[in-house]
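Below: the structure, in structure tokens.
Counting convention: from 1, in listed order, for ligands and their atoms alike. Quick note: numbers below take in every heavy atom, side chains included, and nothing from hydrogens, waters or symmetry partners. Remember, it's a predicted structure, so these values are computed and weren't measured experimentally.
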Amino acid sequence: MTQRAAIEPFIAMEVAREASLRAAAGESIVRFDVGQPHWGAPAAALAAAEKAMRSEALGYTEGLGAMVLRREIAAMYAREHGLDIDPARIVITTGASGAFTLAFLALFDTAARVVIASPGYPPYRHILKALGMEAVIVEADVADGLQLTTTLLQQAGTFDGALVASPANPTGAMLSRDDLAGLCAAMRVAGKPLISDEIYHGLTYATPATTALAFDDDVIVVNSFSKYWAMTGWRVGWIVAPPRLVKSIERLAQNLTVAPPTISQVAALGALTAKQECEERRALYAENRALLLKELPGLGLPPVVTPGGAFYVLADVAAHTDDSMAFSRRLLAEAGVAVTPGVDFCATRGRGWARLAYCRPGAEIEVGIARLALLARG
Ligand SMILES: Cc1ncc(COP(=O)(O)O)c(C=O)c1O
């Protein structure tokens, strides 16, 4: 195996594989594991894709993506955030995942050091490593909602950039407007790029999320149709890049993937008209979230921080185990409940944590809680 390929697995996906195998074999499995809405793309996205399949050749789009979609995303920033973003700065990608590869390659050379808070989404550090870059992991404090802070940045030593996500995975924790502004300012002073992963924007339950673009035009924003629009398998996302980076991202995109999938871009265009459907779904996540926040403490699984957004609760499992990986295996095998062990997100403290995703039907969440209750009693 090459050194580049010698990266850790994305444990959430491994748990998902095991859970899917068991479900396919006829076992009843409650899926608190993958952050994947079960209902799929909004109706308007499906209708747009169906029409295009019958009437269009669906050849390559431009490497940067279809201009019509880039324009509509820009219009959304105007509508939702009051921001005037030039569509030329918007790059359509194969999900947020494809966006990270393009952004990291456009921003950093090999051996670059990129600051990331732990706990965090595992592929950040794994993609950086595969690209010959270094994730500088800083341990975030529970008192700071397990988010990156300017103090942690100061403690990180020399670095070439930083990445932040709000709402975050695995915690659902959000940065306040002031804290995000503070991070943007600190990075501007340091003269280093900040990547803001905004994939859970739209999925908030108290205060709406602020885009880093509100504070700084030089940030690199990553977003995706996977979560709010429930289009995980369509693999379509975007970057808002500073103008100086667009040319290099275009070259990378043309060469690495030629263009993002055309049918998915058509569907995404449809999805942008589906606000009502997406909001109805968000209301259901809000009910699931409330139920979990009410029940989990009584099961000895209290949330580590209060989730303001996304569709995750990071639960403290220390009352049950000091090995979240073994705990997750046991839950799956004995209770038919799939959760993601915290070690996926934080190698150290994650042994005492597990992540529960609540983007499934409420009835399934209730069954999951009942099974966890049996386990807690037994
Ligand atoms: C924080 C975060 N960023 C990025 C991604 C990747 O999303 P996509 O499906 O758009 O590649 C995920 C997926 O779970 C995520 O949680």
Side-chain angles (χ1 to χ4, degrees), residues 9-17 31-38 40-41 45 65 69 73 90-104 114 116-128 130 135 140 145-148 162-175 194-204 209 211-212 220-240 253 256-257 260-261 264-265 267-268 271 285 307-314 338-340 342 344-346 355-360:
F10 183 6
I11 297 173
M13 297 304 281
E14 307 236 320
V15 174
R17 187 179 53 212
R31 304 295 303 259
F32 284 126
D33 53 326
V34 185
Q36 161 153 272
H38 66 285
L69 178 58
I73 292 173
I90 296 172
V91 181
I92 311 300
T93 58
T94 46
S97 308
F100 294 131
T101 313
L102 291 175
F104 293 162
V114 182
I116 297 171
S118 180
Y121 177 62
Y124 297 149
R125 57 180 199 273
H126 301 159
I127 299 172
L128 283 166
L146 292 173
Q147 276 283 8
L148 186 64
L163 193 156
V164 73
S166 170
N169 179 2
T171 55
M174 290 171 68
L175 285 165
L194 178 68
I195 301 165
S196 177
D197 180 353
E198 302 187 350
I199 188 168
Y200 292 106
H201 275 213
L203 293 174
T204 54
T211 171
I220 295 88
V221 161
V222 171
N223 206 325
S224 166
F225 287 89
S226 287
K227 309 293 173 168
Y228 181 67
W229 291 275
M231 292 174 61
T232 45
W234 294 79
R235 314 305 306 128
V236 59
W238 73 89
I239 300 173
V240 184
L256 290 177
T257 53
S264 304
Q265 296 185 67
Y285 302 142
F311 32 51
Y312 306 112
V313 181
L314 186 69
V339 302
T340 305
D344 208 13
F345 312 99
C346 180
R355 188 196 72 179
L356 282 79
Y358 54 82
C359 43
R360 309 277 307 173

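Taking the ring pair (Phe, Tyr, Trp, His ring centres under 6.0 Å) definition, one finds that Y228 meets it with nothing, sequence neighbours left out.
A perpendicular orientation is assigned to the rings of F10 and Y121, their planes being inclined by more than 60° (bins at 30° and 60°).
No donor-acceptor distance shorter than 3.5 angstrom exists from the side chain of K227 to the backbone of G202, with no hydrogens or angles considered. Using modelled atom types, no side-chain atom of E198 and backbone atom of A209 make a donor-acceptor pair closer than 3.5 Å. At distances below 3.5 Å, at least one donor-acceptor pair connects side-chain atoms of T93 with backbone N or O atoms of G95.
Listed by chain and number, G95, A96, S97, F100, Y121, Y124, N169, D197, I199, Y200, S224, S226, K227, R235 each place a non-hydrogen atom less than 4.0 angstrom from ligand 1.
Looking at D197, L194, I116 one by one, the single match for side chain to side chain contact (heavy atoms under 4.5 Å, CB included) with V164 turns out to be L194.
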